[in-house]
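Report on the following structure.
The structure displayed is predicted, hence computed values, not measured ones. By convention in this document, chain letters (A, B, ...) are assigned in the order of the sequence lines, proteins followed by strands, and residues within each chain are numbered from 1.
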Amino acid sequence: MQKNIFLHFSRELVDQPIMSTLIRKYDVEVNILQATITPNEEGTMFVQLRGNEEKLEHALGYLVANGVDVMVKPRRIHFHEDLCTSCGACVAHCLPGALYVEEDTRKVLYDEDLCIACELCIPACPFRAVEMAKTSVGGEV
Amino acid sequence: MAKTYEEINEKIKNKQAVVVTAEEMISIVREKGVKKAAVEVDIVTTGTFGPMCSSGAVLNTGHSTPKIKISQAWLNGVLAYCGIAAVDLYIGATEVARDDPLNKAFPGRFKYGGGHVIEELIRGKDIVLEAEGYGTDCYPRKEIKTLINIKDLNNAFILNPRNCYQNYNVAVNRRKKRNIYTYMGILRPDMANAGYCSAGQLSPLLNDPYYRTIGIGTRIFLAGGVGYVCWYGTQHAPNTPRDENGIPRGGAGTIAVTGDMKQMNADFIRGVSMTGYGVSLAMGIGIPIPILDEEMAKFTSVSDAEIFAPVTDYSHDYPNFTGNPLDWVSYEELRSGKITLEGREIETFSLSSYYKARQIAQTLKAWIKEGDFLLGKPLETLPGEGSEIKCGKLKYRPV
Ligand code: SF4
Ligand code: SF4
């Protein structure tokens, strides 16, 4: 099972070894897709957690118990095929390759299973053919 | 033996013309040779679809009662130019909606502008016209606010001063730290990606590099309708250095085009929002090239591997007009998704849709085959290599 989550660490938590404990003690695979420290020293992190359902639940429980804000990101974006011109401007921004050019036809396709909802394609698309899904998919923690 | 426009048009009328796309022509010439291809093929169709900023539309709304001489006007909140006759308006592609926050919160999203108004008009949507006039004896009305629709307008035609660049830059960002937001897309720091914008081997002016057949009066596919080349485009630069095959190693030729918007199809004309940069219009254009002789057969067989684009640093060299490309890369490499620059692999992305360029070349081919679309013999060809026309810097004379 896989969950894409968005974490917010308050100032006091930024230098705590929360993520390493998570990996060590809760036996989940953690893939950090994006991490930033804001100017007021708060941290945000976009991570992909992998493991069985029970382990994931415990892992999320641990984060919440330690004061980390956990938001489950909508897992997908909306790809409007009718608005897409297949220009390809999004492709070099989509690191997991969810938006890609089909070799023969030069058509741009979207594979929602690969999408990590990082949203990098949204500002890159000149034709507003990708947008955030309005409701989160599996939104509850 | 050479063919004439008249002979080819006769064949089109009899539905006997042999029409292929510029992509198909590559393998035909490879297999049969230039000589045979020149005899067999009558017309090669080209196509391109991408943002073309120097674009806009002329609209005539018709008069209200009482009449107004419009001095300021907005279409869905986008300023239109009215310094022409009373109810003639020009809506430019890159005009941003008046309430747009622009780049105040950088990078701005530029959600709506002139290009989007043009797209929505063509989609048949109602548009809000707000206009003001100062009032004269013959045009007493001072303001008006009304819905307009393309079907009710007296005239609506595209009039684009510069489209179809013959070749174009490949944009990179050499800055070490931050993204730059350009009309060539979002460029990641330290040359992490490279943006390009040309249909390459399918692109109209790259298939007629010396403008032997493309000129004033050439009939074209314009955004799903029929249009015309009406002049050479602004910044037309035929004296750009060229490779042995005649292909310019940078921008070079451009065309000005016009055509009836009421015939157009929004699949081939779209408003564009470039994050951090602004709004624009993506145009779909296709030009038929008559294979008058062997030279034209050779020109139209050019492939992506033989067309080179200059890689330009948009964080410094482009804005400062230094004119120093970092290197040249072929469209074959660009389209593969990666180029090698200074020993590094760099991911590429395109702003021009090859998928749509192909659709356009195929559609134009079908129109000609059905006998519906005749070639327009140019009254004048575009200024060519050696002509005096130039694209220079501003002569800056501060006052
Ligand atoms: S949000 Fe966009 S860029 Fe990110 S993974 Fe999904 S498709 Fe790719
Ligand atoms: S940038 Fe937008 S229009 Fe272009 S291929 Fe990607 S989703 Fe389609």
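Between Arg123(B) and Leu83(A) the shortest heavy-atom distance is NH2-CD2, 4.4 Å. What you find for Gly271(B) and Phe127(A) is that their closest heavy atoms are O-CD2, 3.6 Å. Between Ala92(A) and Glu347(B), the shortest heavy-atom distance links the atoms CA-OE2, 3.5 Å. Heavy-atom minimum distance, Thr85(A) versus Arg270(B): CG2-NH1, 3.6 Å.
One finds the CZ atom of Phe49(B) at 8.5 Å from the SG atom of Cys87(A) (value rounded to the nearest 0.5 Å). In this structure, OH in Tyr355(B) is found 13.0 Å from CZ in Arg106(A), a value given to the nearest 0.5 Å.
Among the candidates Gly276(B), Ala192(B), Ala357(B), Ser352(B), the residue making the largest number of heavy-atom pairs closer than 4.5 Å to chain A is Ser352(B). Interface summary for chain B: among Ile122(A), Val91(A), Val108(A), the most heavy-atom pairs under 4.5 angstrom belong to Ile122(A).
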Does the side chain to side chain contact (heavy atoms under 4.5 Å, CB included) test come out yes or no for His93(A) and Asn193(B), once each step is laid out?
-> CA-CA 9 Å; His93(A) 294 276; Asn193(B) 61 3; 3.7 Å; yes
Give the C-alpha distance, both sets of side-chain angles, the deciding distance and a yes or no for side chain to side chain contact (heavy atoms under 4.5 Å, CB included) between Ser86(A) and Ser353(B).
-> CA-CA 6 Å; Ser86(A) 288; Ser353(B) 170; 3.9 Å; yes
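Under a cut-off of 6.0 angstrom, the local environment of CD in Gln16(A) is crowded, with over 12 non-hydrogen atoms contributed by other residues, nucleotides or ligands. Counted within 6.0 Å of CD on Glu57(A), heavy atoms from surrounding residues, nucleotides or ligands total 12 or fewer; the atom is thus considered open.
In this structure, the side chain of Arg128(A) does not engage the main chain of Ser273(B) through any donor-acceptor pair within 3.5 Å.
Using a 4.5 Å heavy-atom threshold, the side chains of Lys107(A) and Arg358(B) count as separate.
Heavy atoms closer than 4.5 Å to chain B are found nowhere in Cys90(A), neither backbone nor side chain. No part of Ser280(B) comes within reach of chain A, as not one of its non-hydrogen atoms sits under 4.5 angstrom from that chain.
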